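Structure, as structure tokens:
Naming convention: chains lettered A, B, ... in sequence-line order (proteins, then strands); numbering from 1 in each chain. Given the structure is predicted, the values throughout are model-derived calculations rather than measurements.
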Amino acid sequence: MLFRSKFRPFGQFPPQLPAPKPAISSAAAAAADELLIDSSTSKNPVREILTLAKRGNRPLFLPSNRTRVDRQSRGAGKDGNFMDWEVARTRFEDARLARLETCHALAREGRLKEINSVLKQMLHEEGSGSAPSLCELLQNNFRDCDSCSIVWDVLANVYAQLEMIHDALYVLSKMDSLNMQASISTYDSLMYNLRHTDMVWDIYKEIRARGVTHSEYTYNILIDSLCKQQRLQDAISFFQDVHGRKEVKPFIITFNTLMSGLCNAGLVEVAKSILSLILKYGLRPDRYSYTTLIHRLCAAGSMEEALKLFEDMEKDGILLDVVAYNILINGYRLLGLMSEVWKLIKMMIFQGLKPDLVTYTILITGHCEKGDVEEGLRVRREVIARGIQLNIVAYSVLLNALFKKGQIGEVHQLLDEIEAIGLHMDLVAYSILIHGYCKLGEIERALQVCQMMCSKQVMPNSFTHGATLSSLCKKGMLVEARWYLDNLVGSGLMVDIILYNIVIDGYAKIGDVDGALELYEQILKLGLSLTIVTYNTLIFVFCKIEKLTVAEHFLRQIELNGINPTVVTYTTLMDAFVGAGNTDSMLRMFNEMIEKAIMPNVITYSVVMKGLCKQGRLQKAIDILKDMHISGIYADQITYNTLMQGFCEVQNIEMAFRIHDEMLQHNLMPTPVTYNLLINILCLKGKVDCAEKFLDSLLDKGVRLSKFAYTTIVKAQCAKGMPGKAIIFFDRIIRSGFEVSIKDFSAAINRLCKGNFVNEATIFLKMMLYVGIYPDEELCTVICSAFIKKKELQSLFVLQAMIVKSGILAWDIQ
DNA sequence: CTAGGGTTAG
């Protein structure tokens, strides 16, 4: 009982979105029923995701806690036939009893390992939530037998091993009420599986209170648990308490555990000092001690130091194994040095070691990171051809890469493959799906996946929730995002600062200062530590509502709190100053960050350029481009577009096109904005035909253009007295499938009327009515005045009659 | 107890 109170029940997440507006139709209800059966009987969640994805239906929120009896009844009684169900139940009970009988027989002979494996198989089939009924069976059928307590103990132990913590705790509480004592090995298992939570200490206290003697693993598990919970100081103190007087000699494993914890916390130097501590205790560092450190150094990019430790390790007589090679190989992959990766793979083969799945996964990751998913998929085929089966990690890498490229068809193909092999989706794999769907804007599908993983007892963590929250925010669904966040907080689940940052950013993007500040207050109340991201986001929202003094004040506040501003902090402020036309303040900020040795990035430079262009200091802007090349920061499309816009504003057509050429020389694909700028400048300079030819040449090359490029040309044709061409060209826009709006028509008609091309304006009006758009009051006025000016009273009356008849101005005329 | 996969800010 002690344990149950603290443990939170499963199945609270995901919170369901506020009910989707349309009521669930009867067809959907039928589908829901079908799904219900799917989710409770199917062993493969991937199948369900695919089914959902292919069906493309609305979210159907499934109840996740189906009881066992319910499951049995659905499986057995086809037509709800009572007898069928009764027969099936009896058979099922008989099979369970037979197995428990076997366990007791084995217990009488002391064959613990075999009990363990029988129960493991059994509980795996039973699933979580099965403890109450199994306990009942044990209690009713095996009460007076000597071997009972052994079976009960192994039962609790196996539940713990299978991470069915609820069930393990249930068995323990039952044992307690029956006056049976669990073994230290069972407590160890339980603590190991609860090492990420505070509950280990409750169990440890329980062990002490009951006078159970600790095992050789007990302390190690506790130290590991403290490390896993980032309580390093406590871990070290506990180590000293237990091992300080050297009465209980620590394992080398315990030292390694500590080193691993320190490394994960980024305290590599402290971890290194453990090496000498090991010697002081009369032990020798082993393979794990070295590889733990080396791994950390590789992850931090310190390959040289890592290589040096490898030499030390070899001097100690420890040969490189596959794991050690993989760590090194991954180190080079992280640095993007794929040639070194290949060298090492050849080297390990030369030494008689076989690259394993991890090696290949690193290779696949490397290819995918370069954007070459095809090559990643090729390696996958090669691996399979060598008789190695990919695991969920390798598939995750590929899934993630495919989502990033938007190759959703291939994603589904891989999911099919995962299903066919029978691999289990894990937390990361599910998170990739959720994030992927979110990025595609398919939030409902993402929520379905979330729901599904919950029903499979794979609980979403902060990353998973972050993906959902950020896409809700990106879609501007702040009410839903806030509601989701509040639910997370309300259910007492771990909510970290990142989740708050995401939603604050959501508010910031829509300029909702109050929403952002409300969450800021909440963070303070909860006692979470604010990060620089939080501050950057708050600075951004004040910039957004043009309160630059407040924003800059915030910067000073940050510094007073001892937090270092980053390149993002400064770039945000600089961009706002440029937007407010205050280039001097922008430059002041730029100089300030340089003084603080904060490295500008490509965005910072682009902002500086934008400011300089605004002041007309174009030569200076070009100089910035040169500065960037020198500091090894590559200009991107936006940088070039910014510069190009500067030259377009002074109508320097030649420079605009030279910048375009330079983009191509640097292998940068111009964006729609680039083309819009160029087409616009051609039109402004009266070279409308030239603009049209340029547009055609782009289309020939297969470039996709935005509607703006087309309407720019139409506007120019109208303004420059080419009404006939404008009509033909506008027709082309409609035929190309663009959605035209009243604004596009008004822009053309206004310009035509201004140039007295009243007949052509009328043709536009007819086109407009033809596609089902009606003129507004303003546009009617423009056309009527044009008729009056040209004294075309006949047309005027026709138009007025039409206006009255169509009821466009009905509300005005009364 | 060591290796490979997912995340937030301009």
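Residues passing the side chain to side chain donor-acceptor pair (under 3.5 Å) test with K596(A) are E559(A), Y570(A), E592(A), sequence neighbours excluded. Scored by the side chain to side chain donor-acceptor pair (under 3.5 Å) test, Q351(A) finds Y325(A) as partners (sequence neighbours excluded).
Residue-level contact check: F403(A) touches neither bases nor backbone, having no heavy atom under 4.0 Å from any strand. Residue-level contact check: I392(A) touches the bases, meaning some heavy atom is under 4.0 Å from a base atom. L357(A) comes within 4.0 angstrom of a base, heavy atoms only. Using a 4.0 Å heavy-atom criterion, one finds that I603(A) contacts the bases of the nucleic acid, with or without backbone contacts as well. Note on A429(A): a base of the nucleic acid sits closer than 4.0 angstrom, heavy atoms only. At the heavy-atom level, T569(A) lies nowhere under 4.0 Å from the strands shown. Here I498(A) lies in heavy-atom contact (under 4.0 Å) with a base. No contact: D321(A) has no heavy atom under 4.0 Å from any strand. Looking at heavy-atom distances under 4.0 Å, K509(A) makes contact with sugar-phosphate atoms alone, never a base.
One finds no side-chain N or O of N330(A) lying less than 4.0 angstrom from the OP1 or OP2 phosphate oxygen of dA3(B). For dC1(B), neither phosphate oxygen OP1 nor OP2 lies less than 4.0 angstrom from any side-chain nitrogen or oxygen of R195(A). Between H295(A) and dA3(B), a side-chain N or O to OP1/OP2 separation shorter than 4.0 Å is present. Considering only side-chain N and O atoms, H465(A) lies nowhere under 4.0 angstrom from the phosphate OP1 or OP2 of dT8(B).
Not a single donor-acceptor pair, N or O on each side, falls under 3.5 Å between the base of dG10(B) and the side chain of D505(A). Taking only distance into account, the side chain of T572(A) never meets the base of dG10(B) through a donor-acceptor pair shorter than 3.5 Å.
Contacts between residues 278-292 of chain A and DNA chain B, counted as heavy-atom distances below 4.0 Å, involve Y288(A), T291(A), T292(A).
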